[in-house]
Amino acid sequence: MIMSTVLAPSPHVRSSVTIETAMYGVIIALLPGALVGAYYFGLNALKVMTISILACLAFEAMVLKIRGMDMSPLKDGSAVLTGLLLAMNLPSNIPWWMIVMGAIVAIGIGKQVYGGLGYNPFNPALVARVFLLISFPVAMTSWPVPKPLSFSLDTITGATPLGAMKTSLMMEGNVGAAANMNLVDPLIGNMGGSLGEIGALALALGGIYLLVRKIITWHIPVSFLATVFGMTGIYWLINPELYAPPTFHLVTGGLMLGAFFMATDYVTSPVTGKGMVIFGIGCGVLTVFIRLFGGYPEGVSFAILLMNAATPIIDRYTRPRVFGYPTRKEARA
Amino acid sequence: MEVLRVHQKQERDPTVANRFRGGVHPDDSKHTSKQAISGLQPAERLILSLSQHIGAPSRPEVSVGDRVLKYQPIASPGGFVSMALHAPTSGTVKAIEPAPHPSGRLVTAIIIEPDGLDEALDLTDKADPGLARSPENWKETIRDSGIVGMGGAAFPTHVKLSPPEDKPIDMIVANGVECEPYLTADHRLMLESPDEILGGLFLAMEIVGAKKAVVAIEANKPDAAEVMRKADLPEGVTVKVLPVMYPQGAEKQLIQALTGREVPTGGLPMDVGVVVQNVGTLAAMNQAVKEGRPMVERVMTISGPLPNGPGNYRVSIGTPLSHVVEQTGGLKGPAARLINGGPMMGQALAGLDSPVTKGTSGLLAFGPGELRTLRQRACIRCGSCISVCPASLLPHTLGSMVEFQLFDQLREFNITDCIECGSCAFVCPADRNMVQFIRQGKAELLALAGK
Ligand code: SF4
Ligand code: SF4
C-alpha cells in the first residue's frame with residue numbers, strides 16, 4: 001500500500017480552539033454593544049464602524065504586502081476586531097478621515113511595526129484612540145446626544161455623564177445631578193459617549209458570553225470592575241458631595257467595554273491568573289485616580305495602556321512555582 | 001548545590017477524588033474498549049531490537065545460524081539500567097544487523113525466522129507458583145525475564161523495584177489510568193486478567209516492603225474498576241477511581257492526584273516513597289515469577305479511523321507492524337498519519353516496517369483530512385498553555401525561546417522539568433508545536449553541556 005505519512009510531532013490531536021475562534025468569538029460578543037450604539041447613534045454609528053473595519057483591513061493588507069508576507073493574517077479576525085474596537089471607542093460624529101488615521105495608527109504603529117499579531121506590547125485600538133484623543137481633543141470629546149433610531153447624519157452634541165460630573169465639580173464644587181442620575185439610562189445605553197461604550201448591560205452580556213465560551217477568564221474583568229467599584233465606593237462613603245456613587249462609576253464611561261474587551265486582550269495582558277488579577281487591579285486603581293483626580297473625565301484607556309506597559313514586569317514576578325520545586329514558604333524555612 | 005525539599009501539601013485522603021495540576025480533556029475515543037484481547041497468526045520474521053527500553057542496549061547472546069527455543073534468552077542486559085531479551089518463539093537467528101526501529105532510525109536487532117513449531121524451553125525450575133522463594137529472588141527473576149514498563153516509557157522494572165535503603169517505599173501504584181485517547185489495552189487487561197495484575201502488585205509490595213497499594217483507574221472505565229474491586233485484593237490494596245483528565249497516567253501527576261506529594265525536580269517517584277507500575281507490567285511480573293515466563297509478548301491496541309480490524313491484540317515482541325496490520329484486516333485506505341502509541345505522546349511513523357517493542361501500547365492510523373491541519377503562527381499570549389501545563393512551566397516562553405534561538409535561557413525557565421505530555425500544544429490556538437520546540441531545546445542544552 002502506498003503511504004505518504006506525515007512525520008508530525010506529537011500531540012497528533014489538537015483542540016478545536018484557534019486564533020480565529022477566539023477573535024471571531026470576541027467580535028460576536030461585541031455585537032450587542034455595537035447594536036446599542038447603532039440604535040442610539042443611528043447611521044453615523046454604522047458609518048464609523050464600517051469605515052474603521054475596512055480601513056484596518058486595507059491597511060493590514062498593505063503592510064503585509066510591503067513586508068512580502070502572505071495575506072492569511074487578514075482572515076484571522078484580528079484586524080476586523082481592532083477596527084470594530086477602535087470604532088466603538090470613537091464618538092459617532094467623528095470625521096471619516098480621522099477614523100482612517102486611527103486605523104493607520106492602530107495597525108501600523110499599534111501592531112505591525114512590532115511584527116504583527118502576538119508581538120505588539122499595547123492594545124492597537126487603544127493606541128489609536130489615545131493618539132486621536134491627543135491630536136484632536138475637540139472632535140474626540142464632542143459627544144452626540146443619543147437619539148433612538150435616527151437616520152439623520154446631523155447631531156446635537158452634549159456631555160457624557162462623567163464629563164458632566166467633572167464640570168459640575170469645577171463649577172459648583174459638587175458632583176451635581178449627573179452623578180445621581182437614574183442608572184437605567186446608562187445601563188440601556190441612553191447616554192452620551194463613544195458609540196460602543198454606552199450600553200453597559202449589552203456589553204456585560206457580551207462579556208458573559210466570552211466567559212461562558214472560555215475565551216476569557218474572570219480574572220481581569222472581575223478584578224478591574226471590583227477595584228473600581230470598591231475604591232469609588234470608599235470615596236463616596238467619605239464624601240458623597242464630592243464623589244459619585246460606585247454604581248454610577250460602574251455603568252458610565254468606557255468601563256464595561258474596557259474591562260471585558262480591551263483589558264482582556266491576550267497579547268497585551270499577563271499570561272497567568274495571578275498576573276491578570278494584579279493587572280485588573282492596576283487598571284482599576286489607575287482608572288479611578290484619573291476619573292477622580294485627573295484632568296480627563298475618563299481614564300479607562302490610559303489605565304489599560306499603562307498596565308499594558310507593566311505587563312512584562314507583572315509576568316516576570318508572577319511565574320508559577322514549577323512542579324517539584326519548594327514553595328516560597330518552604331524555600332525560606 | 002541547592003538542596004531541594006519535597007513539596008508536600010497536606011497528605012490527601014486517597015478515598016476522595018483529587019486532582020493534579022493542569023491537564024486537558026481530549027476526546028477519549030476509546031472505541032475498542034469492548035473488543036476482547038485476541039491473538040494473531042505468527043509473523044514470518046521477528047525483529048528483536050536491542051534498544052527497546054530506556055538505558056544501555058542489550059548484549060546479544062546468540063549468533064547467526066543458532067536455533068533458539070521459545071523463551072530462550074537471546075540477549076543480556078548491557079548494564080544495570082538495561083534489559084534481557086528472549087525469543088518469542090522457536091526458530092533460527094537469521095541476522096544481527098541494523099533493522100527498522102520505531103524511532104525511524106536503524107537500530108541493531110536480532111532477526112529471528114520462526115520455524116512454526118513454537119517449541120518452548122522448559123520453565124519448571126524457573127517457576128515459583130507457590131511463592132516459596134524470597135522477594136530478592138523474585139526481583140532477580142523479574143530482571144532476568146526482561147520486564148520493562150509497558151505504559152510506553154519502557155523503563156527497566158527491576159530498577160524501579162530497587163530503591164536505595166534511605167528511600168523507604170510506602171505505596172505501590174498500579175497504573176491502570178490509560179489516559180491516552182484511543183488506547184484500551186490496559187483497560188481490557190484489567191477486565192480479563194485482574195488476578196494476574198493483583199498477583200504482580202502483591203509481588204511488588206513484597207519486594208519493596210510497601211504496606212499500601214492503590215489500583216488507579218480513570219472514571220471512563222467503570223467496568224474495570226468494578227472487576228478489580230470484586231477481585232481478590234491483597235491486604236492493603238484499594239481501588240481508586242480518578243476523574244478523567246490527561247495526563248493523569250504520567251507518574252508524577254498520578255502520584256500528585258493520589259497523595260498530594262510532588263516528586264522533586266529531577267527526582268524519581270521513589271523520592272516520595274512511591275513506586276508506580278503499569279498494570280500490564282504487573283501482569284508480566286506475575287507470569288515471570290509464578291510461571292517463569294519471560295516477557296515475549298504484550299497487548300496492544302489497533303485503532304483510529306483507518307484500520308479494518310480495530311481492537312486489542314496479544315502480539316509477540318518483534319512482530320513487524322505491517323504484519324499486525326495485515327492480520328487485523330489491513331487499512332481502509334492510504335494512511336496520512338501512523339502513530340506508535342497514543343495520539344498525545346505517540347510518535348509518528350514513516351511506515352510499518354518497524355516492529356512491536358515492549359513499549360508499544362498501540363498503533364493508530366488516520367487517513368488524509370482526519371486530523372486537523374495545523375497552521376503554526378506567532379504566540380498570541382493567551383495563557384492557555386500555562387494553565388494546562390502539569391509541570392507549571394511557561395510553555396509559550398520555552399517555545400519562543402527555542403524559535404528565536406535563545407538557548408542559554410532555557411534552563412532558567414526549567415525546560416528539563418517538561419514531561420513532553422503535549423497538553424500545551426493541544427490547547428494552543430496558534431497551533432504551535434511546543435513539544436517539538438521543547439525537544440529541540442533540550443537537545444541544544446545537551447549539546448551545549450557536551451562542549
Ligand atoms: S511544557 Fe511540557 S509538561 Fe508542560 S504542557 Fe507542555 S509538554 Fe506538558
Ligand atoms: S497557548 Fe499558544 S498562543 Fe497561547 S500562550 Fe501558549 S503558546 Fe501562546
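Computed from a prediction, not measured in an experiment: that's the story for all the values here. To find a chain, count down the sequence lines: A is the first, B the second, and so on, and within it residues start at 1.
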Chain A contact via [X] - which portion, at a heavy-atom distance below 4.5 Å:
X	value
B:Gln347	backbone
B:Cys428	backbone
B:Pro368	neither
B:His396	side chain

Please find the pair of heavy atoms, one from [X] and one from [Y], that lie closest to each other, and give the distance.
X	Y	value
A:Ala8	B:Ala348	O-CB, 3.5 Å
A:Pro320	B:Ser392	CG-O, 3.8 Å
A:Ser10	B:Gly346	CB-O, 3.4 Å

Where does [X] contact chain B at under 4.5 Å (heavy atoms): side chain, backbone, both or neither?
X	result
A:Asp315	side chain
A:Ser269	backbone
A:Ser16	backbone

A:Thr5 side chain to B:Leu349 backbone, donor-acceptor under 3.5 Å: yes

Any donor-acceptor pair under 3.5 Å from B:Arg372 side chain to A:Ser15 backbone: yes

Pairs of heavy atoms under 4.5 Å with chain A: top-ranked of [options]:
options	value
B:Glu420, B:Arg377, B:Arg21, B:Met345	B:Arg377
B:Cys382, B:Gly341, B:Ala430	B:Cys382
B:Ile339, B:Asp27, B:Leu394	B:Ile339

Kindly compute the distance separating [atom1] ([X]) from [atom2] ([Y]), expressed to the nearest 0.5 Å.
X	Y	atom1	atom2	result
A:Arg14	B:Asn433	CZ	CG	4.5 Å
B:Phe366	A:His12	CZ	NE2	8.5 Å
B:Ile380	A:Tyr266	CD1	OH	6.0 Å
A:Ile215	B:Ser384	CD1	OG	11.0 Å
B:Glu262	A:Phe323	CD	CZ	4.5 Å

Leading residue by heavy atom contact count with chain B [cutoff under 4.5 Å; candidates A:Val17, A:Thr21, A:Val322]: A:Val322

CZ/B:Phe404: more than 12 non-hydrogen atoms of other groups inside 6.0 Å: yes

Compare all side-chain heavy atoms of [X] with those of [Y] and state whether any distance is below 4.5 angstrom.
X	Y	result
B:Leu393	A:Arg319	no
B:Leu371	A:Val13	yes
B:Val435	A:Pro9	no

Ring-face cation of B:Arg381 near A:Tyr119 (centre distance under 6.0 Å, axis angle within 45°): no

Neighbourhood of chain B inside residues 66-76 of chain A, taking heavy atoms under 4.5 Å as contact: A:Ser72, A:Asp76

